[in-house]
Amino acid sequence: MQLSREQLLDAYTRMRTIRAFEEKLEELVKAGKLGGFLHLYAGEEAVAVGVCSQLGNADIVTSTHRGHGHCIAKGVDVKGMMAELFGRATGVCKGKGGSMHIADVDCGMLGANGIVGAGIPLTTGAALTAKLKKTENVAVCFFGDGATNQGQFHESLNMASNWKLPAVYVVENNGFGEFTPTEYVVPVKDIAERARSYAMRSDIADGMDFFDVYERAGEAIERARRGEGPTLLECKTYRFMGHFVGDPLVYRPKEEAEDWIQNRDPLQIFEAKVAEAGLVEESDLREIDGAVTRLLEEAIAEAEAAPLPDLSSILADVYAE
Ligand SMILES: Cc1ncc(C[n+]2csc(CCOP(=O)(O)OP(=O)(O)O)c2C)c(N)n1
């Protein structure tokens, strides 16, 4: 294992934070304490953290409607995110973005996005900027299997491949677009196959295994940094919760979900692997679990106590006034 103890603990902290953040949000919505339309990322943690652990602060990431995991993995402040979800002035977007529009340019997170597939051309543009400015930064896009049926996916991959842009397109194939199974709307067996149309490199990772994602993403990111062009990286994964909070989950077999949750949990897979390598003690991980719980309790209390945005700020930070 080429990762240091510190890197492993950092990766675990981020994955645990994502899981706990999403579980808390579900609880808050169900208790009527939090409003809004939320798409949770639990189950897919190894993808966001595996990829982002290979990126520096100046590298760019774009996200989706299911964006909390990408934000936490890229280093967005968790308390600022919680305040944002509560619509408070102390939120990372001053309470005006909410779940589907969390962005923090200072840590390279160009934004979650309510429009399926819309992050893909943004990443392509960021990669073009990096190439023209010769920064050696890489732009990474996260999106779902459903987004690969959008025109902008195909246009972006064509352009990025043709111009050898430093981009990595990470498709999180969780087997569903809303309530529709992927195979019902996608004729190829692996979405990675779609790269071939654009003479682009592709790879497939086990999206439940942090180490597999980390390694394959690392190769793609390094290739992009060396000027060898983009990669389409398909991560096979599963969302543990519904498409949105409140989804009655009637469209997928209970046994299928239980099997993934019981046997393919990315946190458990991570824990088993690091224990086997003897790099991290179980007590280290339990300590992190406790710290994450405390962080979220503080984040919620601070968010609830924070002020709403003042009416006078309604036109601030708006591009088209
Ligand atoms: C352009 C557009 N079309 C439709 C929707 C409605 N919608 C929201 S999420 C979603 C499914 C997206 O599936 P996928 O890209 O696989 O991501 P996942 O939800 O599985 O993470 C759809 C169709 C939308 N937000 N934007």
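What you see below is based on every heavy atom in this structure, not just the backbone, and it leaves out hydrogens, waters and symmetry mates. Counting from 1, the numbers follow the sequence of the chain as shown.
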(message) Please tell me whether V47 and V49 are part of a single hydrophobic cluster in this structure, the criterion being side-chain heavy atoms less than 4.5 Å apart.
(response) yes
(message) Do D10 and R14 make a side-chain contact, defined as non-hydrogen atoms from C-beta onward lying under 4.5 Å apart?
(response) yes
(request) Spell out, as yes or no, whether a donor-acceptor pair under 3.5 Å connects the side chain of E193 to the backbone of I191. (result) no
(request) State yes or no: do I102 and L55 share one hydrophobic cluster built from I, L, V, M, F, W and Y residues joined by side-chain heavy-atom distances below 4.5 Å, directly or via other members? (result) yes
(message) T180 vs Y251, test: side chain to side chain donor-acceptor pair (under 3.5 Å). Steps then yes/no.
(response) CA-CA 8 Å; T180 306; Y251 51 88; over 6 Å; no
(message) With no hydrogens and no angle check, just 3.5 Å: does a side-chain donor-acceptor pair link E172 and Y41?
(response) yes
(request) Please check if the side chain of N158 supplies one atom and the backbone of E155 the other of a donor-acceptor pair under 3.5 Å. (result) no
(request) Show your working on salt bridge (charged side-chain N to carboxylate O under 4.0 Å, His left out) between K79 and E298 and close with a plain yes or no. (result) CA-CA 8 Å; K79 288 186 173 180; E298 281 173 27; 2.9 Å; yes
(request) Determine whether L3 and Y214 make a side-chain contact, defined as any pair of heavy atoms from C-beta on separated by less than 4.5 Å. (result) yes
(request) Please check if the side chain of E22 supplies one atom and the backbone of L40 the other of a donor-acceptor pair under 3.5 Å. (result) no
(message) Between N174 and T237, do the side chains contain a donor N or O and an acceptor N or O under 3.5 Å apart?
(response) no
(message) Using only atom types and a distance under 3.5 Å, with no angle test, would you say the side chain of D77 pairs donor to acceptor with the backbone of G80?
(response) yes
(message) Check this for me: E219, atom CD, are more than 12 non-hydrogen atoms of other residues, nucleotides or ligands nearer than 6.0 Å?
(response) yes
(request) Compute whether any side-chain donor of one residue and acceptor of the other, for R66 and H243, lie under 3.5 angstrom apart. (result) yes
(message) If you define the side chain from C-beta out and look only at heavy atoms, does anything of M100 sit under 4.5 Å from N113?
(response) no
(request) In sequence, state the C-alpha distance, the side-chain angles, and the governing distance for F21 and H68, and then conclude on ring-ring contact (aromatic ring centres under 6.0 Å, His included). (result) CA-CA 8 Å; F21 192 85; H68 309 154; 5.7 Å; yes
(message) Pair Y238, D259 - check side chain to side chain donor-acceptor pair (under 3.5 Å), show working.
(response) CA-CA 11 Å; Y238 200 78; D259 186 40; over 6 Å; no
(message) Is any side-chain heavy atom of F210 closer than 4.5 Å to one of I269?
(response) no
(request) Would you confirm whether the ring centroid of F244 sits within less than 6.0 angstrom of the ring centroid of H39? (result) no
(message) Within a 6.0 Å radius of atom CD1 on I314, are there more than 12 heavy atoms belonging to other residues, nucleotides or ligands?
(response) no
(message) Using the rule that Ile, Leu, Val, Met, Phe, Trp and Tyr join whenever any side-chain heavy atoms are under 4.5 Å apart, tell me whether V140 and I72 fall into a single cluster.
(response) yes
(message) Same cluster or not: L122 versus V92, using hydrophobic residues (I, L, V, M, F, W, Y) connected whenever any side-chain heavy atoms lie under 4.5 Å apart?
(response) no
(message) Would you say NZ of K96 has more than 12 non-hydrogen atoms from neighbouring residues, nucleotides or ligands within 6.0 angstrom?
(response) yes
(message) Are there over 12 heavy-atom neighbours, none belonging to R16, within less than 6.0 Å of that residue's CZ?
(response) yes
